[in-house]
Every structure is written in structure tokens, then in C-alpha cells.
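Quick note on labels: first sequence line is chain A, next is B, and so on, each numbered from 1. Small disclaimer: the values here were computed from a predicted structure and weren't measured.
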Amino acid sequence: MNPYEPHAIERKWQEVWEAQRAFEVPNPAPGAPHNPRKRYVLEMLPYPSGSLHMGHMLVYTIGDVRAHFYRRNGFEVLRPMGFDSFGLPAENAAIKDGGHPREIVERNIATITRTMKTIGWAIDWSREVSTHEPTYYRWTQWLFLQLFAAGLADRRAAPVKWCPNDQTVLANEQVKDGHCERCGALVESRNIEQWFFKTTDYADQLLDFSALDWPERVIAAQRHWIGRSEGAEVTFGIDGFDESIAVFTTRPDTLFGATFFALAPEHPLVTDLAERAENGAEILEYVRHAGAKRAEERAAAVEKTGVFTGAYAINPVNGERLPIWVADYVLMDYGTGAIMAVPAHDERDREFAEKFSLPIVTVISEDDRLVDSESFSGLSSAEGKAAITAWLAEQGKGEPAVNYRLRDWGFSRQRYWGCPIPIIHCPGCGSVPVPDEDLPVLLPEIDDYRPKGEAPLASNEEWMRAACPNCGGEGRREAETMDTFVDSSWYFLRYCDPHNSETAFDRGIVDYWGPVDFYQGGVDHATMHMIYARFFQKALADIGLVGFREPFARFHGNGWVQLGGTKMSKSKGNVVGPDEFVAEYGADPVRLYILFIGPAEQDMEFTDSGLEGMLRFVRRLWRIVNEVAETEPREGEPGALARKAHETIARVTDDLGRRESFNTAISAVMELVNELSRDVAAPDARFAAEAAVSLIQPYAPHVTEELWTLLGHSELWKEPWPVADESMLQRETVQIVLQVNGKVRDRIEAPAGLSEEALIALALGSEKVQGFLDGQEPRAFVVPDKLVNLVI
RNA sequence: GCCGAAGUGGCGGAACUGGUAGACGCGCCGGACUCAAAAUCCGGUUCCCUCCGGGGAGUGGGGGUUCGAUUCCCCCCUUCGGCACCA
């Protein structure tokens with residue numbers, strides 16, 4: 001028997017696969033219909049901002065097991081790979097380590113690719129793309145222009161989040177707890193002109209998850225992020241003035257309980273009111289003070305603050321005068337920036353009312369009925385909402401309204417390392433698209449790309465000057481670049497047709513492969529990438545570029561891989577990559593172990609001793625299969641071992657297919673190997689060995705390929721997935737558990753398929769059972785072939 | 001505060017449809033092999049009691065449904081994750 005030498009074996013088979021282009025898959029002929037026997041297996045593409053970590057090891061091994069499993073089950077499997085190489089992660093890494101982002105990124109891509117190949121993942125490398133390559137971002141620009149032409153992208157002034165450290169605007173989605181999602185700096189609010197995608201146009205469509213097989217936690221996160229609220233927009237007059245102010249409320253049923261009115265400090269009416277107020281200076285001082293506060297501070301304020309304007313709003317339902325306050329707990333960028341305050345039924349309004357001794361009027365009773373609400377009294381809260389909204393509409397003082405928490409996606413960045421926005425600003429014609437034939441707008445080389453608060457490209461005067469494509473006059477290029485999430489919003493479409501130089505992708509090819517059947521990645525992208533990509537897909541479908549509206553039919557989130565009890569992170573310096581482990585143990589044991597630790601969707605702890613245990617298993621498998629190959633089997637009928645092998649085939653097939661339970665499939669094969677090890681000369685030992693090797697192949701493709709050869713076969717990766725023989729799953733005898741009053745008292749072997757009566761008779765015949773019956777006549781509950789419970 | 005996920009041996013976890021709780025692995029204990037060790041192999045390993053036949057308890061806590069509950073229902077506790085002055 002040769003010793004198990006993982007590195008030699010792995011190199012050998014990787015070379016065979018590469019020479020055979022084993023995992024490349026051709027595109028369909030033009031006009032081919034959608035293929036139901038295809039599987040698009042995809043994992044989120046990596047940022048090449050460093051090397052691979054154990055989280056990548058997990059994600060891509062999950063995808064790899066799926067790719068092998070479905071390929072061997074006769075599906076045409078598309079399993080591509082690429083790099084999300086533009087954007088802040090790569091640029092910040094470049095700034096930190098010195099050098100040009102392109103050099104850093106391309107060096108990292110080379111390193112990562114090498115690692116991926118030593119791990120032996122079954123990737124179609126012919127489809128590799130990197131988002132920073134002009135051949136890719138040309139089409140990112142082109143798709144942007146399609147959305148721009150469709151009115152789904154525009155440039156306008158709006159309140160946005162600004163990271164003072166990264167010196168750029170951030171999308172709402174990229175702010176976590178008031179801090180920059182990338183660098184952790186406290187984020188500021190600014191009102192500046194920005195490029196937006198109109199994600200809010202798709203808010204309702206994005207709330208439709210009916211076609212998606214996604215984990216509840218991810219759907220819940222998106223639903224909450226989009227945050228649809230139904231209610232009414234109500235118009236309040238202002239006593240003594242012509243102006244009126246609209247408010248949004250989800251509780252029109254509480255309108256009779258409004259006791260004051262509040263405006264956000266940024267509300268345009270505040271300056272008007274301040275001019276006419278005796279305490280105008282005080283009001284303006286409050287506004288200035290509130291504006292200086294960061295959003296985080298404002299939210300964290302322990303006490304409500306505000307200032308009275310001296311003006312009064314008129315409650316449209318009863319004509320009551322409500323004092324108008326300015327208060328910074330009212331946000332300008334939600335609803336209308338003004339609220340009717342109902343302290344009895346809103347906690348924040350109550351706090352404010354208590355602080356400033358404003359009245360509190362209860363209008364909803366304990367049993368959820370309207371009280372003190374004139375003719376509406378007695379209605380339930382739900383009825384009241386409808387009735388009051390209808391009445392307001394009749395009077396022209398309000399209408400039903402819906403508000404969303406979701407904001408439009410601000411996607412322009414004041415940074416260098418990103419896809420240039422292909423727009424020329426012309427004093428006469430406005431924002432003019434760069435014509436298709438002039439794409440891509442290449443990202444120019446510049447010396448100083450560090451963030452400086454305005455777009456670095458703006459300092460390249462030569463590049464900035466461009467003729468207006470419309471009038472030929474002197475224009476200036478858009479100097480901002482796109483958020484990296486734009487690049488990753490369509491990469492899965494480009495993978496389908498990666499070398500197309502005529503267009504971003506051929507619709508027929510994309511419709512053939514799409515949507516992604518299995519998407520795998522971190523749930524931390526639930527409210528960022530996963531929303532943006534859904535928006536893109538829907539927009540592109542409406543433009544007519546694709547024929548399906550959801551990019552990822554199925555999604556599975558994976559947990560964090562922890563090492564040494566703490567979450568691995570660069571800042572803690574405890575990141576150990578797969579490279580080291582693979583170099584020491586070989587790829588197969590690491591691949592097996594990362595999936596064996598526990599359920600893939602849960603956080604897991606990667607331990608050296610656990611990995612060594614897996615190495616033991618692989619060596620054991622090696623030894624036992626070798627012994628089987630070298631041993632002449634005894635003559636005889638297939639018996640218990642063959643049955644165990646068929647049971648294992650059934651279990652592993654179910655685990656990898658329906659259940660997506662990758663850890664238990666390994667356990668099942670271990671059981672089979674344990675059984676086989678007890679008798680390598682059994683008549684069915686060879687069958688059991690072949691089953692074990694074949695079933696574990698998706699996890700450990702190298703060692704199983706070698707063992708498969710040893711067993712006298714070839715090319716296991718092409719071998720059809722084994723099928724369990726149903727007749728072998730039927731046992732002739734079964735173990736019957738005998739219970740008395742629900743407690744196990746005996747276990748007996750009995751022929752399978754006995755009637756209830758026969759089983760009861762057997763149970764009563766057990767001496768142990770008799771001892772617990774005290775001679776009484778029991779009632780019996782029977783689970784055929786399994787259990788008899790006798791109750792006295 | 002709201003939403004989501006989860007609590008099972010010393011540890012990671014298994015038990016899929018209400019039917020043998022603890023598969024598989026780590027760790028630990030014992031044995032074989034060895035001059036010895038490592039490696040490997042074999043056996044044991046939820047806890048408590050035991051006259052060694054066995055008996056009792058047990059899946060975060062409390063209640064309920066059921067012949068029977070890790071699994072279903074109600075209440076509570078804890079941990080992790082998302083969102084959070086969103087009217």
C-alpha cells in the first residue's frame with residue numbers, strides 16, 4: 001500500500017482537470033430554450049483586497065460540493081468565479097500598503113487564484129472576470145446609461161451620509177450604527193449633489209419575496225430595511241398665515257389626540273416662522289445647533305429638545321390650535337419632515353410633552369376603541385383609520401399615503417478606484433451621456449489618488465475637458481466614480497456571457513442560465529448587495545435586457561468561521577488563511593473539515609484538533625479502501641454491509657440535495673467506513689468502498705479520484721451519482737422498542753411488516769415488559785416496525 | 001424597543017413527519033503493538049444511585065396538549081444577529 005500523500009495526489013488531479021477543462025461548460029446555441037436541467041451555482045465574488053481567509057474556504061467549498069453533486073446528477077452546471085476589484089476595500093488596502101490600486105489588486109488576484117487552484121475548486125475559469133478591467137466596466141458604464149435613459153438614475157442635491165475618513169459619500173446601506181461600514185468612522189450628514197439610482201421606484205416590488213427561497217432572517221432584514229408604512233398624509237393650516245403643512249402619519253385614528261406639532265430643524269418653513277417670531281434668534285440658534293450635531297448624537301440624545309415658534313397649526317378634524325415646535329427628533333428625510341404629535345399614543349411625543357408640559361389627550365381606549373373623537377368615537381382603531389382618512393379626503397385635507405424607510409441608492413463616490421461615470425456635464429445641455437461608441441470611459445492614471453474630499457479625477461484637468469456629445473461645446477467629465485456595489489449588481493449576468501464585446505451580455509444566454517439557482521454568501525450583504533442586485537435585475541427586466549426579475553432564486557447564508565474563540569479579523573491579527581492549512585494537511589482534509597464542523601449557516605469554531613481528526617478520517621479511508629482493493633472478497637450474498645451502503649447513498653443524496661445539510665452527509669459516510677473497516681473481506685466490501693468514495697467525492701475530489709482509480713475505475717468526477725436500491729433499503733428484521741408507560745423496557749428483533757396484533761403479542765411476551773405490567777391489562781400504542789407502548 | 005435566529009454530554013454537533021435522546025467527530029480513560037515514545041488499531045465515555053440484575057433523572061426555566069414532546073402550544077430567562085427618534 002502506498003502512503004497517503006495529499007500534495008502529490010492533489011497536484012496530479014488538478015493538472016488532469018485543467019488539461020481536460022473538466023469544469024468548463026459551453027454556452028447554448030443561439031435560440032436555445034431555457035434549460036430546466038441546468039444549475040447555476042454561485043457564491044459571492046471575493047474582494048481582492050488581501051488573501052483568502054477561512055470564510056472564503058467555507059463559502060466556496062459549499063459551492064463546490066453543490067457543483068460536483070449536481071454535475072454528477074446530470075445537470076449542466078455553471079459555476080464561475082471572478083473578482084470584485086474596484087472600490088474602497090481594494091483602494092484602502094493600496095493606500096495602506098503603498099502602490100497603485102491596480103497593481104495591488106492584480107497581485108492579489110494572482111495569489112487568490114493560485115490558492116483557489118490548489119484547493120481544487122471546480123470552477124469554470126474560462127469565465128473569470130474582474131470588475132476593474134475595461135472589458136468589464138465598459139458594460140457597467142453601458143448599463144448605467146441604460147438606467148439613466150430609462151429615468152432610473154439622476155443627479156440631484158439631497159441629504160446624504162458622508163464619511164470624513166474615507167472622504168466620500170456613502171449609501172444609507174453602508175452606514176452601520178451611524179458609522180462607516182468600511183472604516184468605522186462616525187458618519188456625517190451633508191446635503192450635496194449626488195448620483196442616485198431610483199431604488200425607491202421599486203420599493204413595492206422589492207417587498208415581494210414570493211418567488212424566493214431565502215432564509216427568513218434575510219427576508220426579514222430586507223423587509224425591515226425597505227420599511228413600508230401605510231397611513232395618511234394630512235394637511236394642517238397655520239393660524240394667521242396662508243401656508244399649510246403636510247404631515248405623514250400611520251395613526252390617522254389618533255388625530256383627535258394631537259396636542260402639538262413639530263417641524264424638523266431643516267424644514268424649509270422654519271426660517272419663515274423664525275422671521276415672524278418674537279424669539280426668532282432663539283429658533284435659528286436651535287436650528288444651527290441641531291444641524292451641527294451628527295445623526296448619531298441626535299439619535300443618542302437622552303432628553304428631547306425643542307423650541308416653540310409662537311405659531312399654531314390648525315387640526316383639520318376639530319379646528320384646534322396646536323403649538324408648532326421645532327424639534328430635532330423630527331427627521332427631515334422621512335415623511336414630510338413635520339409631524340402631528342400625539343403624546344398619549346406615541347412614546348417619543350410623550351417624552352417631549354412631559355419635558356415641555358404639553359397636554360396629553362387619550363383618544364384610544366384600552367380595548368382599542370376611539371374615544372373623545374366626535375362622531376368617530378366607538379370605532380375600532382382600524383375602522384377609525386379608514387373612516388378618518390376617508391373623511392379627510394372628502395374635505396380635501398388629506399389622503400391615504402405610503403412611506404418607505406428605503407432611500408434612493410446614492411452611488412457616486414468621491415474616490416479614484418472605481419468605474420468612471422460616463423457623463424459629460426455641458427453648461428447648455430446638462431448631464432449628457434457619453435455615446436456608446438466612446439465607451440469605455442477609461443479610468444485615467446493619476447499620481448495622487450488619495451481621497452481629498454472632492455473627486456480625485458477632478459484634478460486631472462486634461463481628462464476632465466471633453467466636448468459635449470450633444471452640442472459639441474465645451475463640457476466637463478463627471479469626476480466621481482461608481483460605488484463598487486454597482487459592479488457587483490450584475491456580475492452574475494456577465495458570467496453567463498463573459499467575452500461578449502458587442503454588448504453586456506446576450507439576453508438569450510442569460511435567460512438560459514438565469515436565475516442563479518444557489519447563491520451562497522455572508523448574510524451581512526442582506527441589505528446592501530442583495531437589495532441592489534434585485535433592483536438591478538428588475539430594472540434590466542423592465543428595460544428588456546433580461547427575461548427574469550429575481551437574480552437569486554435560492555440563497556443560503558453561511559456563518560462566521562472563528563479561530564481560537566474570537567471572530568477572525570485583520571485588526572485582531574488572527575487571520576489564518578486556508579493556504580497554511582492546505583500546505584500542511586492537503587486540501588481534501590481542510591475541505592472536509594470546514595463543512596464537518598457544524599451546519600454551514602451557523603457560526604463555527606475552526607480547531608486544529610478537529611482538523612487533525614479529519615486528517616485521520618481521510619487516512620483511514622485511504623487505508624481501508626486500499627485493503628479492500630488488495631483483498632480477495634469472500635463468496636456470498638450481499639448482506640448487512642451492502643444494505644448499509646445503500647442506506648448511506650440514500651442519506652447522502654438527501655442531505656446534499658433536498659436538505660443542504662453538508663455536515664451530516666460526512667457523518668453518514670464515516671459510519672459506512674466504520675462498518676466497512678470491521679470486515680474488508682466481506683462479499684460486499686468492494687461495493688461499500690466504492691459507495692463511500694463516490695459519495696464523499698464532492699468534498700474530497702482528489703483523494704477519491706485516486707482511490708477510484710485504485711478500485712479499477714476512472715474519472716469519478718464524471719461518474720453518475722449513485723442511486724440507492726430501494727429493495728436493499730427494506731430490512732427483513734427490525735428492532736422493536738418495547739415501552740411501558742412511555743419508558744423503554746426492552747428491545748427485540750422481529751420480522752419486518754408484522755401486524756399491530758402480532759407486535760402487541762410479542763411485547764406482552766417479553767419478560768422484562770411483564771415485570772412492569774403488574775399483571776394488569778394494558779392499552780397498547782403501536783408504531784409499525786418500530787415501537788410498542790403499553791400503558792397501564 | 002421592534003424583527004430574526006438559537007439554547008441538547010467536558011466540547012462541536014445529530015435526532016428530517018410527535019415514537020429508542022446524545023449519531024458522527026474532538027477531548028478524556030483503559031487496552032493492544034513498542035525497549036520506549038509517536039503513529040496506528042481495539043474498547044469505554046450524559047449524570048446520579050447500584051446488591052452489577054438493574055433503577056432513577058435528563059434537551060435553558062415553568063406550565064399545557066398527548067399513551068408518548070429536543071420536536072406542538074402558552075409564559076419566562078439567556079445568547080447571538082439585524083434595525084432603531086422612520087412618526
Query - Nearest-angstrom distance, P atom, B:rG9 to B:rU46 - result: 13 Å

Winner on side-chain proximity to A:Ser609, out of B:rG27, B:rA14, B:rG68, is B:rG27

Please report the distance separating the P of B:rA23 from the corresponding atom of B:rC47, rounded so that it comes out in whole Å. 13 Å

As its Watson-Crick or G-U partner within any shown strand, both distances under 3.5 Å, B:rC83 has B:rG1

Practice problem: Please state the C1' separation for the pair B:rC35 and B:rG43 - nearest whole angstrom. | Solution: 26 Å

pair_partner(B:rU34), Watson-Crick or wobble, both distances < 3.5 Å, evaluates to none

B:rG10 -> Watson-Crick or G-U wobble partner, both distances under 3.5 Å, gives B:rC26

Against the side chain of A:Glu216, the closest entry in B:rA5, B:rA87, B:rC85 is B:rA5

Contact under 4.0 Å: A:Arg405 side-chain N or O vs B:rA84 OP1/OP2 = yes

Across every strand shown, the nucleotide meeting Watson-Crick or G-U wobble geometry with B:rU71 (both distances under 3.5 Å) is none

Within residues 613-628 of chain A, those residues having any heavy atom closer than 4.0 Å to RNA chain B are A:Gly613, A:Arg616, A:Arg620, A:Arg623

**Study point:** Separation between the C1' atoms of B:rG4 and B:rG58, rounded to whole Å
**Key:** 30 Å

Taking a pair to mean Watson-Crick or G-U wobble geometry with both distances below 3.5 Å, B:rA57 pairs with B:rU46

Using Watson-Crick geometry (N1-N3 plus N6-O4 or O6-N4) or G-U wobble (N1-O2, O6-N3), each under 3.5 Å, B:rU17 is paired with none

Result block: side-chain N/O donor-acceptor pairs under 3.5 angstrom for residues 258-267 of chain A, not counting sequence neighbours:
residue  : atom : partner  : partner atom : Å
A:Thr259 : OG1  : A:Pro359 : O            : 2.8
A:Glu266 : OE2  : A:Arg298 : NH1          : 2.8
A:His267 : ND1  : A:Leu269 : N            : 3.1

